Amino acid sequence: MTKAFASQADLIEKKVSFDKLSDNAYAYTAEGDPNTGIIVGDDAVLVVDTQATPVMAGDVIRRIREVTDKPIKFVVLSHYHAVRVLGASAYGAQQVIASEDTYKLIVERGEQDKASEIGRFPRLFNAVESVPPGMTWPTITFTGKMTLWLGKLEVQLLQLGRGHTKGDTVAWLPQQKILFSGDLVEFDATPYAGDAYFEDWPRTLDNIAALEPVALVPGRGAALRTPEMVRGGLAGTRSFVSDLYASVKAGAAAGKELRAIYKEAHAALKPKYGHWVIFDHCMPFDVTRALDEATQYPDPRIWTAERDRQMWKALEG
Ligand SMILES: [Zn+2]
């Protein structure tokens, strides 16, 4: 039996959790669906990643209003993926902040990514008609590091290296050692690496580990609430990325074709990671990008709805 394209057969709604990590930090998670981080300062609220549509963001806002009535002034985009950014309009924030690299990726490939992601995973775009036309544009961009003071609460936005995308940004509360990682770190969820930099990703995880977070909100999966859980999340993400890239590089070095490399990588990784959510969704995209990086494409090629289908047919057809 052939697998349905990407996650078109994934229709089961997930249960949302809204966890308090400190007086200033909350995690909106949903059993492996994309997470949103919430930072409550003295005078304003900052949201890290928005959910996929304004209607879905409305549920985040409802949870925020259960713990604070402070205005939601800032939206931070950890990276450019549609499932993270297209809910932004719901918050009515004064500023939408992203790295300069993320801004450039939205210019370069935002429209194609939007069409591609909605086609891959319709359930994740609940009430997609509520998404305004066009792109979600950052109103402030930065390079490397930016600090916001929400009253006495310091919030650092940091680019610690490339990994999940070229523009990856984490939000860091240095006074409390709490980190919001975006998709650089996943927990019990398969890292999507279709736009990734495999060579860089482990080093970027080292840079996160060097901050010694005591709690971490991953891109997908439950909030990591102890240093031990944080280390586990970092180690799991690192081993998946490293194992996949090693398998693909070995196949490439042996002169094998993409389809054969994919079948081998899938078989090699399934025993260890097959129980993570979206494993079967991610693997074809991840292996395709890994082979690109191992051979002739230092930067990820743009995924379009059409390229998605061709690739899926070639590997799973
Ligand atoms: Zn992503």
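Numbering of ligands and ligand atoms starts at 1, following listing order. All values reported here derive from a predicted model rather than from experimental measurement.
Rounded to 10°, the angle formed at the Zn ion (ligand 1) by NE2 of His164 and NE2 of His79 is 100°.
Note on Arg123 versus Asp33: salt bridge recorded, some NZ/NE/NH1/NH2 to OD/OE distance being below 4.0 Å. Between Asp183 and Arg84 a salt bridge is recorded (basic side-chain N to carboxylate O distance below 4.0 Å). Note on Asp206 versus Arg203: no salt bridge recorded, every NZ/NE/NH1/NH2 to OD/OE distance being 4.0 Å or above.
Outside the 6.0 Å centre-distance limit, the rings of Trp276 and Phe279 are not counted as a close aromatic pair.
Closest approach between the Zn ion (ligand 1) and any N/O/S atom of Asp183 involves OD2. For His81, the N/O/S atom at the shortest distance from the Zn ion (ligand 1) is named ND1.
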